[in-house]
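In what follows, a structure is listed as C-alpha cells, so that the remarks can point back to it.
Computation of the quantities below employed the complete heavy-atom set of this structure, encompassing side-chain atoms and omitting hydrogens, waters and symmetry-equivalent molecules.
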Amino acid sequence: PATVATAADDDDDDAPASPARGLVGRVSEAIFGPAEAAKPAAKVVIALEELISTEEEHVAALRALAVHYPKALASSLSPEELNAIFGGTATILGINELLLSQLKAAAPTDALATRLAAVAAAFDAVGPALKGYAGFCANYFGALATLTTLRSDRPAVEAAVRKAEDKAARTASEFSEVSGFRDMRLAAVLIAPVQRLMRYPMLLEALLGAIAKAEAKAEGHIAAIEFAAPRQRLTAAAERVAATAQQVNAMVTDAQNRCCVAEVHERVRGAAPGLIAPHRRLLLDAEIGGRKLEKKKGLLSLKKRAHI
C-alpha cells in the first residue's frame, strides 16, 4: 500500500501544499483562515478529517463492489463465478458502514476532544471485526485471476464490465455524498479492502502525531489537558488495529501457503498422498539444477545442466 502522507506531518508552514493535503487542507484554511490553519489544534482537525473523509471514500468503493457490480454482472456470470469474485464483500461493507457511522457520531461542531473520543470508541467497538477482512484478502489474487480470465475469454463479460464501470463513474453519488473522488473501475475497487486494512494504522499514527505536536506546543496550557485522555485511548486503539492488521496479514499468508501446497500436490499427480495435511507448509520454492556424471572413453564428464 502506498505510504499515507498527511498535513499533520508537515512542520513547514511555508512549504507548498502537497497533493496529500488536498481538499482537507483547503477546507481547513477556509474554516480557520491561513494563520489559524497552521496552529497545532487545526492540524489535529486536518488529520481527523482525513481519517473520516477517506473512510467515506472507502465505504463508497465497497458499495460499488458489494452491490453495484454483482448486480450489473449477474446476467453475464454464473453464481459460482460471482461468488469467486465478490464473495465476502457484503460482510466487509457492513463492517465499514458501522465504523463510518461511529466515526461520525460526534458532530463537526463538537469539541475536538469529543470528536477524538468518538474515533477511539469507534475503533474500540469495530476494530476486532476487521478480522473479517481475512477471507476476502486471502482470496484477492484468486478473485483477480478469475476476473481477468473471464474478461479475456468471454467478450460478453468484458462488455458487461465496461458498461458497469461507465455507470459507476457517472453515478458515484449513489454510493457516497462525495462524487468524482476516486477510481471506481472494478479492478480498483476490488483491491480497495486490501489497501485500506493496511492503511488504518498509518492514519491513526498520523492523527496521534498531530496530537503529540499540539500537546508539545500547548505544554503548561489547558489545551494540553484536553488532548491527554483521547490520546491515551487512541494510542491503545491504534495498537489493537495494527495487531489486527498483522493477524489478517498472517492469515492471508497462511492461506496462500496452503494454496501453494495444493498446487505442488497437483504437480506431482498424487505421488505423495499425505502431502496435503493441516500441519504442512511450503518452506521453500526455488529452481534447482544438477549435472550427471557419465563415463566417456574412460574419463568422467558432466552432462548438460538440467533445471527442475
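Counting only N and O atoms by type, the side chains of Glu205 and Tyr200 include no donor and acceptor under 3.5 Å apart.
Smallest separation of non-hydrogen atoms from Pro70 and Ala66: CG-O, 3.5 Å. Considering every non-hydrogen atom in both Ala206 and Ala47, the closest pair reads O-CB, 4.3 Å. Closest approach of Leu197 and Ala245 over heavy atoms only: O-CB, 4.1 Å. Shown here for Ser76 and Val157, the closest heavy-atom pair between the two residues is O-CG2, 3.9 Å. Nearest heavy-atom pair, Ala61 versus Ala192, reported as atom, atom and distance to 0.1 Å: CB-CB, 4.3 Å.
When atom types are taken as modelled, the side chain of Ser152 and the backbone of Thr148 share no donor-acceptor pair closer than 3.5 angstrom. Side chain of Thr54 to backbone of Leu51: a donor-acceptor contact under 3.5 angstrom is found. Judged purely by atom type and a 3.5 angstrom limit, Gln102 has no side-chain atom pairing as donor or acceptor with the backbone of Leu99.
With contacts defined as side-chain heavy-atom distances shorter than 4.5 Å, the pair Arg196/Leu203 qualifies. Proximity of Phe136 to Leu190: side-chain heavy atoms (C-beta onward) are separated by under 4.5 Å at one or more points. Residues Arg154 and Glu81 meet the side-chain proximity criterion, which asks for heavy atoms closer than 4.5 Å. No side-chain heavy atom of Met198 sits less than 4.5 Å from a side-chain heavy atom of Val194. Residues Val189 and Tyr69 meet the side-chain proximity criterion, which asks for heavy atoms closer than 4.5 Å. Side chains of Leu93 and Val67 form a contact here, defined as non-hydrogen atoms less than 4.5 Å apart. Within the 4.5 Å cutoff, the side chain of His68 has heavy atoms near those of the Lys167 side chain. Side-chain atoms of Pro193 and Leu65, non-hydrogen and from C-beta on, do get closer than 4.5 Å to each other.
Rounded to the nearest 0.5 angstrom, Leu103 CG and Glu56 CD are separated by 9.5 Å. In this structure, the separation between CG on Asp110 and CZ on Arg115 is 8.0 Å, given to the nearest 0.5 Å. Separating the CG atom in Leu100 from the CD atom in Glu57 is a distance of 11.5 Å, to the nearest 0.5 Å. Rounding to the nearest 0.5 Å gives a distance of 12.0 Å between CG of Leu208 and NZ of Lys213. Distance check: Leu73 CG to Leu186 CG gives 7.0 Å after rounding to the nearest 0.5 Å.
One finds a salt bridge joining Glu158 and Arg162 here, because a Lys/Arg side-chain nitrogen approaches an Asp/Glu carboxylate oxygen to under 4.0 Å.
Applying the side-chain hydrogen bond (donor to acceptor under 3.5 Å, both in side chains) test to pairs two or more places apart or on separate chains, those with a residue in residues 123-134 are His58-Tyr133, Asn96-Tyr133, Asp124-Arg233, Asp124-Arg240, Lys131-Gln247.
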Between Glu97 and Arg63, does a salt bridge (charged side-chain N to carboxylate O under 4.0 Å, His left out) hold up when you go through it step by step?
CA-CA 9 Å; Glu97 285 183 330; Arg63 286 173 182 158; 3.1 Å; yes
